[in-house]
A.B. asks: 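Below is one structure. I have some questions about it.
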Amino acid sequence: MTDQLQVNRATFDEVMLPNYAPQNMVPVRGDGSHVWDQDGREYIDFAGGIAVNCLGHCHPALIQALQEQGQKLWHVSNVWTNEPALRLATKLVDATFADKVFFCNSGAEANEAALKLARRYALEVYGEEKDQIISFKQSFHGRTFFTVTAGGQEIYSNGFGPKPGAIDHADYNDLASLEALISDKTCAVILEPMQGEGGVMPATPEFMQGVRALCDKHNALMILDEVQTGFGRTGYLYMYQSYGVEPDILSTAKSLGGGFPIGAILTKNHIAEHLKFGTHGTTYGGNPLACAVAEAAFDIINSPEVLAGIAKREAMFREKLEQINEKYNVFSTIRGQGLLLGAVMNKEHEGRAKEFIAASIEQGFMCLVAGPNVVRFAPSLIVEEQDIEEGFKRFDKAVARVVAGD
Ligand SMILES: Cc1ncc(COP(=O)(O)O)c(C=O)c1O
């Protein structure tokens, strides 16, 4: 083997586009809920690669699936199908409302496919007048131009010229606001059952049920974006299962691959048939490596023990955060569900969430923000009890530093 090129954080600024601003350390190795950087420093990871590493880092079952598939078949394209894709699709169909699956490589691609399918369905079944897509303020659906325009944060979609049209935004958790926009011209309503990037904000049951009823009334499809909430994150395989409301199309990615890039949409037969041969596609979607890893992740996540363990861990997280808050009085509330939790800054610390992330890194702890006011936690769904203890000891120190103004 030739000597490897030496690189570090400074290399990023030299050779990478500046659309990211990575933290000032480079992770090189992970194991469960632990990560080590180039200097051998260890961190407890409750960021989970932004709600992706559902089984932590380097889970043995995922390594085995990757290695076994890696020695068999990596890629054939969708000119052929493959066994891992067919097995994974079968398992997803058996475990959900869906009859059919389309695979892609990311959350944005999944939502792009969902929105295109909804438009195609409405066009073919009702005619070209029915093209309106309704989304919600503060939502996030990805960074392709269609999905970022559907997203409810203009800061992400402005500055790229003319946007895709016929997209409107209602207020989240406000049925009257949706009712004011929806009509028989609406082709789809897209929403996250819990807004992730928008601040870890769950939909109320009345809102979810109301959205379903309004969609039914106006023959609009209900698209649930479960990219962040799906695949066990909230203690259910998919969060819709906790509301007793079924979507028409569901998008899933992030945790689905446990860290290997994969996305998918799930839908019913009468909708699926409108994505006819040749209407949509992707070279890599459903590739054998991604599907083999996702299947291994599915087999672990979709078990009563693992799903029940998420609620237990949630209780521990909430207790630890409440204890920290009693000491330092920094949060107004802890919200979320399962292991997607947000600690919301109180008035005194408004806009300071980012400072908690930087202070946490210094204490060997990784977490996320969700907007300027929320510290977000999206750890491994099987995070060990002792790692929760140790992680929050470190976070406690980080909070102390921020409060002291160090
Ligand atoms: C709810 C939701 N939808 C879509 C996306 C986009 O997924 P990706 O970054 O894989 O394209 C994200 C990413 O954060 C998300 O949280």
Side-chain angles (χ1 to χ4, degrees), residues 17 19-20 22 47-54 102-118 133-153 155-157 164 167 169 172-173 188-203 208 211 222-234 236 238-240 247 249-266 282 284-287 290 293-294 297 335-342 357 367-371 374 376-379:
L17 270 78
N19 59 314
Y20 302 116
I50 319 187
V52 166
N53 302 325
C54 58
F102 165 80
F103 287 121
C104 52
N105 313 286
S106 68
E109 268 187 82
N111 285 324
E112 184 80 22
L115 293 168
K116 280 180 73 180
L117 172 56
I133 287 162
I134 302 179
S135 172
F136 292 90
K137 292 174 192 162
Q138 300 308 318
S139 65
F140 187 82
H141 299 298
R143 299 287 198 138
T144 64
F145 212 11
F146 199 177
T147 58
V148 84
T149 307
Q153 304 185 53
I155 187 175
Y156 296 133
S157 58
I167 301 174
H169 296 92
Y172 193 67
N173 271 337
V189 176
I190 180 168
L191 75 160
E192 299 153 85
M194 164 160 47
Q195 290 194 333
E197 301 304 307
V200 189
M201 178 63 83
M208 280 292 263
V211 172
M222 180 175 176
I223 303 173
L224 271 190
D225 177 347
E226 292 234 30
V227 167
Q228 190 152 164
T229 54
F231 218 64
R233 181 62 46 197
T234 68
Y236 294 81
Y238 287 100
M239 195 178 179
Y240 79 83
I249 305 176
L250 181 149
S251 55
T252 175
K254 286 192 183 277
S255 290
L256 176 60
F260 201 100
I262 180 170
I265 60 169
L266 315 180
T282 153
Y284 288 118
N287 87 83
V293 175
R335 67 187 180 210
Q337 189 177 314
L339 288 172
L340 182 55
L341 294 170
I357 309 303
C367 54
L368 301 161
V369 292
V374 180
R376 176 174 35 157
F377 304 90

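Both ligands and their constituent atoms are indexed starting at 1 by order of listing. Residue numbers start at 1 and run along the sequence shown.
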A.B. asks: Sequence neighbours excluded, which residues qualify as salt bridge (charged side-chain N to carboxylate O under 4.0 Å, His left out) partners of K137?
C.D. replies: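 Testing K137 for salt bridge (charged side-chain N to carboxylate O under 4.0 Å, His left out), a comparison that skips the adjacent residues, returns D171.
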
A.B. asks: Would you mind listing every salt bridge (Lys or Arg N to Asp or Glu O under 4.0 Å) that reaches into residues 192-201, with sequence neighbours excluded?
C.D. replies: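 Matches after skipping sequence neighbours: E197-R376.
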
A.B. asks: Looking only at the aromatic ring of each residue, does the gap between the centers of F103 and Y284 stay below 6.0 angstrom?
C.D. replies: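 Aromatic pair excluded; centres sit 6.0 Å or further apart.
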
A.B. asks: Just by distance, do the side chain of S157 and the backbone of F145 share a donor-acceptor pair under 3.5 Å?
C.D. replies: no

A.B. asks: Can you list the residues that meet the side chain to side chain donor-acceptor pair (under 3.5 Å) rule with N173, with sequence neighbours excluded?
C.D. replies: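 Testing N173 for side chain to side chain donor-acceptor pair (under 3.5 Å), a comparison that skips the adjacent residues, returns none.
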
A.B. asks: How far apart are the C-alpha atoms of N111 and T147, what are their side-chain angles, what is the distance that settles it, and do they pass the side chain to side chain donor-acceptor pair (under 3.5 Å) test?
C.D. replies: CA-CA 6 Å; N111 285 324; T147 58; over 6 Å; no

A.B. asks: Measure and list all N/O to N/O distances between ligand 1 and the protein that fall under 3.5 angstrom.
C.D. replies:
unit_1, atom_1, unit_2, atom_2, d
ligand 1, 3 (N), F140, O, 3.3
ligand 1, 3 (N), D225, OD1, 3.3
ligand 1, 3 (N), D225, OD2, 2.7
ligand 1, 10 (O), G107, N, 2.8
ligand 1, 11 (O), G107, N, 3.4
ligand 1, 11 (O), A108, N, 2.8
ligand 1, 14 (O), E197, OE2, 3.4
ligand 1, 14 (O), K254, NZ, 3.2
ligand 1, 16 (O), Q228, NE2, 2.7

